[in-house]
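Keep in mind that what you see is a predicted model, and the values were worked out from it rather than measured. Heads up: numbering here begins at 1 and tracks the sequence.
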Amino acid sequence: MRERRAAEQRLVQMQSDLVQANKLATLGQVSAGFAHEVNQPLATIRLLAENGRALLDRDPAPVAANLDRIIGMTDRIGQITAELRNFSRKATGAVGAVALEDAIQASLMLTASRRRTSAMAFDLPDLPPGLAVRAEAVRLEQILVNLLTNAHDAQEGRPDPRIAITVRAEADRVALTIRDNGPGLAPAMAAQLFTPFATDKPQGLGLGLVISRDIARDFGGELDALPPEPGQGAAFRLTLPRAA
């Protein structure tokens, strides 16, 4: 029995380490985009500061407007770095009520640079006020970032990229669907989506969906791929218990 409990503890630790490794790999993918997200406002802040210094003696009125813009941009940089820090930290394992709107917005911020680079169109849901699910914020964001990253990758080079997020809330469950406008899943790939190391990405590990499904099941939910529809891309549905 002691050996069995020790083996189970090692398995839990290995699963936790694998989740963290996947998260850090995902973080590496989005970090280059975040450099752009931060460098752009930094360059503007410097320009505004230089302009304000030049105007200070001649016409101080525009200086106040420049300072207001600088404050707004520093707040934006603070939000970006805070989200990166939150996402990179190791999950605690504690499950509780998580506001779905907050999780979606955090995940969109983490993938924002890729969306802007490709001029990605986005359809977002109108959520009921206070809608919450039983989850852990960090790991829920990890699922959403994995799904959004896959949706971005599926549409690389397409002239009309679009991602649609829809939410259906029931009395005890909440279903969130992320659908892309790409070519859809090849039958061979669809058959092994949740098989470890199965991937069609040259640099992919084939673990993102596997780990995302495991996390969803830890929350008492499920992650699955929806059947293909004519003229539609791939769609993944995350179902979670609704928080009281």
Open item on the list: Between Arg162 and Asp180 (salt bridge meaning N to carboxylate O under 4.0 Å), is one present in this structure?
Closed with: no

Open item on the list: Ile165 vs Thr177, test: side chain to side chain contact (heavy atoms under 4.5 Å, CB included). Steps then yes/no.
Closed with: CA-CA 6 Å; Ile165 299 179; Thr177 301; over 6 Å; no

Open item on the list: What's the separation between atom CG in Leu147 and atom CZ in Phe236, rounded to the nearest 0.5 Å?
Closed with: 7.0 Å

Open item on the list: With a 4.0 Å cut-off on N to O distance, would you call Asp224 and Arg237 a salt bridge?
Closed with: yes

Task: Distance, nearest 0.5 Å, that separates CG of Asn150 from CG of Leu209 - done: 5.0 Å

TODO: For Arg173 and Gly221, work out which heavy atoms get closest and say how close.
DONE: NH2-CA, 3.8 Å

Task: Rounded distance (nearest 0.5 Å) linking atom CG of Leu108 with atom CG of Leu144 - done: 8.5 Å

Open item on the list: Which heavy atom of Gln142 sits nearest to which heavy atom of Ile215, and what is that distance?
Closed with: OE1-CD1, 3.9 Å

Task: Shortest non-hydrogen contact from Ile143 toward Ser212 - done: CD1-O, 3.6 Å

Task: Straight-line distance of Glu101 CD to Asp126 CG, nearest 0.5 Å - done: 9.5 Å

- [ ] Write down the atom of Met120, the atom of Pro161, and the distance for their closest heavy-atom approach.
- [x] SD-CB, 3.4 Å

Task: Pairwise distance CG(Leu140) to CG(Leu176) - rounded to 0.5 angstrom - done: 8.5 Å

Task: Carboxylate-amine/guanidinium contact Glu141 Arg139, below 4.0 Å - done: no

TODO: Indicate the atoms forming the closest heavy-atom contact of Val98 with Ala137, along with that distance.
DONE: CG2-N, 3.7 Å

Task: Pairwise distance CG(Leu124) to CD1(Ile163) - rounded to 0.5 angstrom - done: 10.0 Å

Task: Minimum-distance pair of heavy atoms, taken over all atoms of Ala97 and Arg134 - done: N-NH1, 4.3 Å

- [ ] Step by step, work out the salt bridge (Lys or Arg N to Asp or Glu O under 4.0 Å) result for Glu170 and Arg242.
- [x] CA-CA 8 Å; Glu170 299 177 352; Arg242 183 168 182 171; over 6 Å; no

